[in-house]
Protein chains: 2
Amino acid sequence: MRVTVDIVLFTIRERRLHLLLIRRLAEPFAGCFALPGGFVLADESVDAAAARELREETGVENVYLEQLYTFGEPGRDPRGQIITVAYYAMVPQTQLLQAGTDAADAAWFPVDALPDLAFDHQAIVAYAHTRIRNKLGYTNVGFELLPAKFTLSELQVVHEAILGEPLDKRNFRRRVQIQGIVKPTKEWRATGRKPAQLFRFKD
Amino acid sequence: MRVTVDIVLFTIRERRLHLLLIRRLAEPFAGCFALPGGFVLADESVDAAAARELREETGVENVYLEQLYTFGEPGRDPRGQIITVAYYAMVPQTQLLQAGTDAADAAWFPVDALPDLAFDHQAIVAYAHTRIRNKLGYTNVGFELLPAKFTLSELQVVHEAILGEPLDKRNFRRRVQIQGIVKPTKEWRATGRKPAQLFRFKD
DNA sequence: TTGACTAAGTGTTTATAAGACACTATTCTG
DNA sequence: CAGAATAGTGTCTTATAAACACTTAGTCAA
């Protein structure tokens with residue numbers, strides 16, 4: 001039995017949640033889009049394999065990788081009995097541009113307009129999307145999608161992209177301030193209109 | 001690389017949350033207590049392996065098995081590179097007695113008084129306990145710990161055992177009734193004192 | 001310079017959910 | 001028949017979530 005890892009790498013582009021796909025060169029599913037990933041090596045932890053594959057295939061490193069679920073139905077890979085441990089990660093739009101240029105045949109797609117995917121990667125993506133939607137309510141998911149300093153409007157865009165629905169500006173701002181997950185800086189960003197105060201995450 | 005499954009099987013005994021452990025006969029960790037589990041077979045799904053191992057080692061079948069997490073640190077098994085996919089399941093006290101007699105060298109332990117465990121099974125147990133505590137708030141976890149008909153006091157004991165803290169009787173009953181997760185039957189149980197109405201789960 | 005446009009920023013009210021809290025009722029036992 | 005044990009029942013308070021609109025600061029163009 002062989003074990004692979006697959007990574008759902010999210011980012012926000014143009015106010016929409018995107019994820020990174022790679023065009024497969026080898027069979028099976030040659031030419032198809034698929035999640036970045038690959039085999040766990042000998043004497044390598046599964047977590048380490050996920051970090052390594054992400055780095056090798058997308059150039060992204062030093063991000064928080066969270067394990068999602070292990071998919072182990074026979075027949076999910078035509079090469080034989082191969083189970084995969086799925087992970088997700090997030091990068092801010094700034095970092096993703098570098099990543100996109102490093103990686104060959106990698107491209108960002110909006111989660112609500114994905115091409116056909118190899119293997120059972122469609123199911124993995126759906127699982128990842130559900131997970132981050134749920135975690136948004138009770139954790140700091142979304143922080144990794146932004147640079148160190150950001151405006152509250154930018155943070156709201158992240159939340160709206162993940163949830164797929166608009167949020168009330170005042171309720172949103174009150175919640176993040178009460179929960180104490182951000183703290184204001186003394187910097188302001190000139191965004192072309194009225195300047196916006198920059199915040200950073202606490203801790 | 002080989003893949004195993006391990007199952008954390010919960011039940012409630014004497015108002016406390018227990019789980020089932022098996023005394024290992026073979027090396028490594030011979031003589032130690034460990035979670036029921038074993039290797040995934042050729043052409044077997046991981047889910048099916050969990051169900052099969054649970055049946056073989058404890059006699060329990062036809063229960064809902066939920067995947068918890070995959071543990072894949074090298075060194076977690078002295079036999080080599082073996083990752084394990086952890087599951088949890090729950091059985092009512094009635095069923096567990098039969099299971100306990102079927103299985104050789106299986107025993108129930110309170111989760112807050114476990115013996116030393118083989119491998120990284122201590123971490124798996126902690127993960128499972130956290131998972132069911134969290135799920136108690138927003139799902140119907142706990143239903144599988146009770147027979148088809150039960151009193152509200154029995155349901156409260158289940159919740160208290162999982163949370164590890166007492167609950168207010170009136171608030172608890174109001175919540176389960178408002179959430180509409182139980183419906184009353186026309187039966188009453190003579191429990192020795194004042195009879196209690198029996199309920200069943202909706203759907 | 002001024003008017004139009006764009007995004008930032010700001011409070012109150014209402015509805016819903018959660019938590020604290022104590023007594024009566026029924027049955028069995030001695 | 002008195003006492004012990006568990007079942008069952010409402011109200012008030014507090015916290016949390018949701019709905020809702022206008023003012024302000026800056027840019028750009030006429």
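Below, read A as the first sequence line, B as the second, and so on, with proteins coming before strands; counting in each chain starts at 1. This is a predicted model, so every value here is computed, not measured.
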### Query
Where do B:V182 and B:K202 come nearest, in terms of heavy atoms and distance?
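Answer, listing the atom of B:V182 first, then B:K202: O-CE, 3.6 Å.
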### Query
What distance separates A:E53 CD from A:L41 CG, expressed to the nearest 0.5 Å?
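Rounded to the nearest 0.5 Å, the CD-CG separation comes to 7.0 Å.
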#### Entry: DNA chain C-proximal residues of residues 149-162 of chain B, any heavy atom under 4.0 Å
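DNA chain C contact set from residues 149-162 of chain B: none.
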### Sorted by number, the residues of residues 134-142 of chain B with heavy-atom contact under 4.0 Å to DNA chain C
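Per residue number, the list is empty: none.
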Any protein N or O atoms within reach of nucleotides 20-24 of chain C? Criterion: under 3.5 Å, listing atom names and distances.
{"unit_1": "C:dA20", "atom_1": "N7", "unit_2": "B:N171", "atom_2": "ND2", "d": "2.9"}
{"unit_1": "C:dA20", "atom_1": "N6", "unit_2": "B:N171", "atom_2": "OD1", "d": "3.1"}
{"unit_1": "C:dC21", "atom_1": "N3", "unit_2": "B:R170", "atom_2": "NH2", "d": "3.3"}
{"unit_1": "C:dC21", "atom_1": "N4", "unit_2": "B:D168", "atom_2": "OD2", "d": "3.2"}
{"unit_1": "C:dA22", "atom_1": "N1", "unit_2": "B:R170", "atom_2": "NH1", "d": "3.4"}

Could you pull out every donor-acceptor pair under 3.5 Å between side chains of residues 110-128 of chain A and any protein atom, sequence neighbours left out?
{"unit_1": "A:D112", "atom_1": "OD1", "unit_2": "A:R16", "atom_2": "NH2", "d": "3.0"}
{"unit_1": "A:D120", "atom_1": "OD1", "unit_2": "A:R76", "atom_2": "NE", "d": "3.3"}
{"unit_1": "A:D120", "atom_1": "OD1", "unit_2": "A:R76", "atom_2": "NH2", "d": "2.9"}
{"unit_1": "A:D120", "atom_1": "OD2", "unit_2": "A:R76", "atom_2": "NE", "d": "2.8"}
{"unit_1": "A:H121", "atom_1": "ND1", "unit_2": "A:L35", "atom_2": "N", "d": "3.0"}
{"unit_1": "A:H121", "atom_1": "NE2", "unit_2": "A:D6", "atom_2": "OD2", "d": "3.4"}

### Query
Under the 3.5 angstrom rule, does the side chain of B:Q156 hit a backbone N or O of B:L167 as a donor-acceptor pair?
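Side chain of B:Q156 to backbone of B:L167, a donor-acceptor pair under 3.5 Å: yes, one is there.
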### Query
Where the side chain of A:T11 meets the backbone of A:V91, is there a donor-acceptor pair that is under 3.5 Å apart?
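Here the side-chain-to-backbone pair exists.
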### Query
Pairs in or reaching into residues 178-188 of chain A: which pass side-chain hydrogen bond (donor to acceptor under 3.5 Å, both in side chains), with residues at least two apart or in two chains?
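side-chain hydrogen bond (donor to acceptor under 3.5 Å, both in side chains) check on residues 178-188 of chain A returns A:K149-A:E187.
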Could you list the protein-to-nucleotides 28-30 of chain C atom pairs, N/O on both sides, closer than 3.5 Å?
{"unit_1": "C:dC28", "atom_1": "O4'", "unit_2": "B:G192", "atom_2": "O", "d": "2.9"}
{"unit_1": "C:dC28", "atom_1": "O2", "unit_2": "B:R193", "atom_2": "NH1", "d": "3.0"}

### Query
Starting at the 5' end of DNA chain C, which residue's closest nucleotide do you reach first, A:L198 or B:P195?
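Whichever sits nearer the 5' end wins; that is A:L198.
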### Message
Which residue is it: B:F199, B:F201, B:F143? I am looking for the one with a ring-ring contact (aromatic ring centres under 6.0 Å, His included) to B:F150.
### Response
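Testing B:F150 for a ring-ring contact (aromatic ring centres under 6.0 Å, His included) against B:F199, B:F201, B:F143 leaves exactly one candidate, B:F201.
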